[in-house]
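All remarks here apply to the structure that follows.
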Amino acid sequence: ILIEFKEYFQIGFILALIVFPLLAKNRKLLLYFFIVLMLTVVGELGTELRTAVNVFCFLGMSFLFFKDYGLDFKRYPRIPKGMLYFFSLLYFSMLISSIFSKYMITGFLQIFYISILFYLIYMFYSQIRSTEEIKYYILGIITASLAMALSSLINLLLAGFDIGELGNN
């Protein structure tokens, strides 16, 4: 497994060195690329490559965020109050649930994972500056959906499933 990860990591690193500078000139395209990558590439690949892709996207989004805002907390985009109340209630309930659970460590790990997810969502949220950028987000989601659907159809065909018989029942 370690050998496979090293191979994937090397390939990914080389691709990142080629692709990232090309996309860095166009922020909208880079955001589109991150969305498509996070929603499609991680779906059917092994755990090693999934981790490498997630780390790449996580670091890329963090780079964009800190490039725009730095450590000036006053400039950070504000989260709506309703969302803050929701997050507070969610974390409180997850914390209480984890404390009183037989699987306390698993509960705290889930809190950690959801915190990373919310951080990543905030990174995407902070990059929205116009409705045109929202269109890139939607286009990325549509592209990822089509890629996943096409991948599923190809897998069905390779497994010998007859798609033509699907509508005859």
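Below, each value reflects all heavy atoms present in this structure, side chains not excepted, and no hydrogens, waters or symmetry copies. No experiment lies behind these values; they were computed from the predicted model shown.
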Grouping I, L, V, M, F, W and Y whenever their side-chain heavy atoms are under 4.5 Å apart, do [X] and [Y] come out in a common cluster?
X    : Y    : answer
L89  : M83  : no
F92  : I79  : yes
Y113 : F108 : yes
F73  : Y125 : yes

To the nearest 0.5 angstrom, please state how far the [atom1] atom of [X] sits from the [atom2] atom of [Y].
X    : Y    : atom1 : atom2 : result
L84  : R78  : CG    : CZ    : 10.0 Å
L59  : F34  : CG    : CZ    : 9.0 Å
I114 : I121 : CD1   : CD1   : 8.5 Å
L39  : I141 : CG    : CD1   : 6.5 Å
I35  : L30  : CD1   : CG    : 10.5 Å
F112 : L117 : CZ    : CG    : 12.0 Å

Take Y91 and S115 through the test side-chain contact (heavy atoms from CB on, under 4.5 Å) and record every step on the way to the result. CA-CA 9 Å; Y91 277 103; S115 298; 2.8 Å; yes
Start with the C-alpha distance between L146 and L150, add both sets of side-chain angles, then the distance that settles side-chain contact (heavy atoms from CB on, under 4.5 Å), and finish with yes or no. CA-CA 6 Å; L146 290 174; L150 185 62; over 6 Å; no
Can I get a per-line list of side-chain donor-acceptor pairs under 3.5 Å for residues 96-105, giving both atom names and the distance, sequence neighbours left out?
residue: S98; atom: OG; partner: M94; partner atom: O; Å: 2.8
residue: S98; atom: OG; partner: G107; partner atom: O; Å: 3.4
residue: S101; atom: OG; partner: Y103; partner atom: N; Å: 2.9

Hey, what's the ring geometry for Y69 with F65, parallel, tilted or perpendicular (30° and 60° as the breaks)? tilted
Closest approach of I128 to I134 (non-hydrogen atoms, all atoms of both residues): CG2-CG1, 3.7 Å
Distance-minimising heavy-atom pair for C57 and M38: SG-CG, 3.4 Å
Go through the steps for E133 and I138 under the test side-chain contact (heavy atoms from CB on, under 4.5 Å), then give the verdict. CA-CA 9 Å; E133 290 176 353; I138 293 170; over 6 Å; no
Please step through ring-ring contact (aromatic ring centres under 6.0 Å, His included) for the pair F58 and Y119, ending with a clear verdict. CA-CA 9 Å; F58 185 82; Y119 172 79; 5.1 Å; yes
Check whether the ring centres of Y122 and Y76 lie less than 6.0 Å apart, and answer yes or no. no
Quick check against the 3.5 Å criterion: does R75 have a side-chain atom that pairs as donor or acceptor with the backbone of G70? no
Does any N or O in the side chain of Y137 come within less than 3.5 Å of the main-chain N or O of F124, such that one atom is a donor and the other an acceptor? yes
If we only count heavy atoms from C-beta on, is the [X] to [Y] side-chain gap below 4.5 Å?
X    : Y    : value
L90  : F118 : yes
M61  : Q127 : yes
R129 : D68  : yes

